[in-house]
Amino acid sequence: MEFEPVIGLEVHSQLKTNTKIFCKCSTSFGAPPNTHTCPVCLGMPGVLPVLNKKVVQYAICLALATNCKISAKNRFARKNYFYPDLPKGYQISQYELPIAEFGHIDIEVDDREKRVGITRIHMEEDAGKLNHDPLRSRSLVDFNRTGVPLLEIVSEPDIRSPEEAGAYLRKLRSIVRYLNICDGNMEEGSFRCDANISIRPAGQKEFGTRAELKNLNSFRHVEHAIKYEINRQKMILEEGGEVAQETRLWDPEQGKSNSMRSKEEAHDYRYFSDPDLIPLEIDSTWIHEIKNTLPELPDEKRQRFINQYKLSPTDADLLTSSRELAEYFELCLKELNLPKQVANWIMGPLLGMLNAQGKDIEQSPVSAKDLAGLVKLIEDGVISGKIAKTVFEEMAQTGKPPEKIVADKGLVQVTDVSAIDEVISKILSNSPKEVEAYKNGKTKLMGFFVGQVMKETKGKANPKIVNQVLKEKLGG
Ligand code: ADP
Ligand code: MG
Ligand code: ZN
């Protein structure tokens with residue numbers, strides 16, 4: 001039987017505010033345990049939360065960028081549950097009246113455009129962190145993260161494959177990073193995803209029972225875990241069994257998921273409006289002000305790169321994958337307006353080198369100006385493409401400008417015909433057998449002669465001239 005997967009994603013995106021959502025404690029990562037705490041985020045009795053305006057501003061940014069309808073009136077709710085890292089016994093979240101609803105994000109998979117609906121975006125506080133210490137059979141709790149602001153972005157169950165899930169997440173991550181409201185770091189947990197997955201017989205309208213997968217902290221894990229889950233459910237249904245509605249934990253080492261708990265229902269949380277926080281009314285002029293400050297977003301930038309620079313959609317995708325990379329590309333073009341050549345050098349050697357060095361584009365040892373300078377040296381015929389690779393390696397290691405490396409090492413390309421002629425004459429007179437064979441029709445030997453010339457000139461001879469002179473001399 002054919003089955004169709006149905007997938008909906010819940011993403012928690014940690015906001016880049018300086019202070020927590022309801023108190024003045026710092027949100028910075030990596031401080032000694034329990035040093036960023038106060039009576040409010042420790043949940044002491046009698047304290048009152050005060051909403052951080054920046055959180056609302058960032059939520060509005062994301063709502064606008066994902067085509068959501070912003071609710072002029074919304075409110076916070078208490079989600080009640082007990083856990084050692086949740087000192088109040090409830091999490092302040094939004095339930096019936098979230099800040100934004102009815103949005104969408106467009107993704108592209110296998111050259112097909114697809115729209116994924118956003119059900120809702122709401123603001124909430126993060127919980128603390130448990131540090132398990134099995135050797136001494138104890139667990140310690142760190143409340144630094146308690147009260148750090150999150151946006152939860154819930155998608156419609158519109159996603160139909162692991163690849164679409166990956167594309168949706170990449171797009172959403174790129175949007176929050178363009179907006180500069182979240183650093184998108186999946187390993188550090190500032191961009192986390194839970195995946196809800198069910199399958200149904202092809203053609204059936206009703207959804208099947210879903211399982212929720214947690215602990216997916218990289219794109220690779222998300223796609224891998226979803227694939228695994230689809231197969232697990234297929235096997236159950238094919239054997240006539242039933243999929244249990246449950247929460248499962250992905251184990252990346254084992255490459256499988258394990259049941260964590262049966263799924264709780266919303267009513268189990270006994271949600272109710274938080275009486276400590278008044279309903280939030282959002283002024284439409286504020287929304288307009290924020291709208292005017294939004295940067296160019298990934299979709300618009302990609303389209304502009306295609307139109308303005310005549311890049312292929314795939315190249316435009318890659319170059320707009322982060323705002324910083326797109327900025328680097330456009331900085332290069334300010335120096336040298338050759339989009340295709342510059343794009344190729346960025347997408348090939350530059351990203352390859354950064355990847356190998358484990359660096360981001362912001363940490364590139366090769367500046368945009370110098371990369372453009374290198375491409376210009378090739379275009380002007382000063383160095384060959386081959387020499388350029390060597391120059392680039394030196395730039396990557398030393399950060400020196402290409403012009404200096406070329407001058408210091410005497411790498412300027414030889415375009416002097418008489419100098420090349422001289423080298424060729426010498427080589428031909430040293431290889432009488434090959435010349436004879438060439439003249440008898442073994443024209444493949446051209447490569448051999450070119451190779452010899454390049455060896456003799458240490459790769460500096462202009463290949464075009466070399467070919468020309470060789471053909472003349474050999475009568476080709
Ligand atoms: P909960 O808090 O119970 O997880 P949410 O409304 O926060 O509920 O999230 C539900 C998520 O599950 C949404 O992303 C939604 O698209 C998805 N979803 C709902 N029903 C199904 C289903 N049958 N199969 C797959 N995904 C589903
Ligand atoms: Mg959920
Ligand atoms: Zn605090």
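Whatever order the structure lists ligands and atoms in, that order sets their numbers, starting from 1. Because the structure is a prediction, the values reported are computed rather than measured.
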Which protein atoms of type N, O or S are found under 2.8 Å from the Zn ion (ligand 3)?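 Correct list: Cys23 SG, Cys25 SG, Cys38 SG, Cys41 SG.
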Is it true that atom NZ of Lys404 has more than 12 heavy atoms of other residues, nucleotides or ligands lying nearer than 6.0 Å? no
More than 12 heavy atoms of other residues, nucleotides or ligands under 6.0 Å from OH of Tyr83: is that the case?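 Result for OH/Tyr83: open.
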[X] heavy atoms, cut-off 4.0 Å: which ligand 1 atoms fall inside?
X	value
Gly208	23 (N)
Val154	9 (O), 13 (C), 14 (O)
Gly8	14 (O), 16 (O), 17 (C), 26 (N)
Glu212	4 (O)
Glu156	16 (O)
Val6	24 (N), 25 (C)

Between ligand 1 and Phe207, is the shortest N or O to N or O distance under 3.5 Å? no
So does [Y] get a backbone contact from the side chain of [X], meaning a donor-acceptor N/O pair under 3.5 Å?
X	Y	result
Arg192	Gly189	yes
Asn258	Trp250	no
Asp110	Arg112	no
Lys256	Asp251	no
Asp85	Leu130	no
Gln233	Ile199	yes

Counting only heavy atoms, which portion of [X] has something under 4.0 Å from ligand 1: side chain, backbone, both, or neither?
X	answer
Leu9	backbone
Glu10	side chain
Asn196	both

Please determine whether ring-ring contact (aromatic ring centres under 6.0 Å, His included) holds for the pair Phe82 and Tyr90, giving the CA-CA distance in whole Å, both sets of side-chain angles, and the decisive distance to 0.1 Å. CA-CA 7 Å; Phe82 173 80; Tyr90 61 86; over 10 Å; no
Just to be sure I'm reading this right: ignoring hydrogens, which of Ser155, Pro157, Gly117 gets closest to atom 13 (C) of ligand 1? Compare them by their nearest heavy atoms.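 The nearest heavy atom belongs to Ser155.
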Phe305 and Phe329 aromatic ring geometry - parallel, tilted or perpendicular at 30°/60° bounds: tilted
Within the structure provided, determine whether Pro313 and Arg302 are in side-chain contact (heavy-atom separation under 4.5 Å). yes
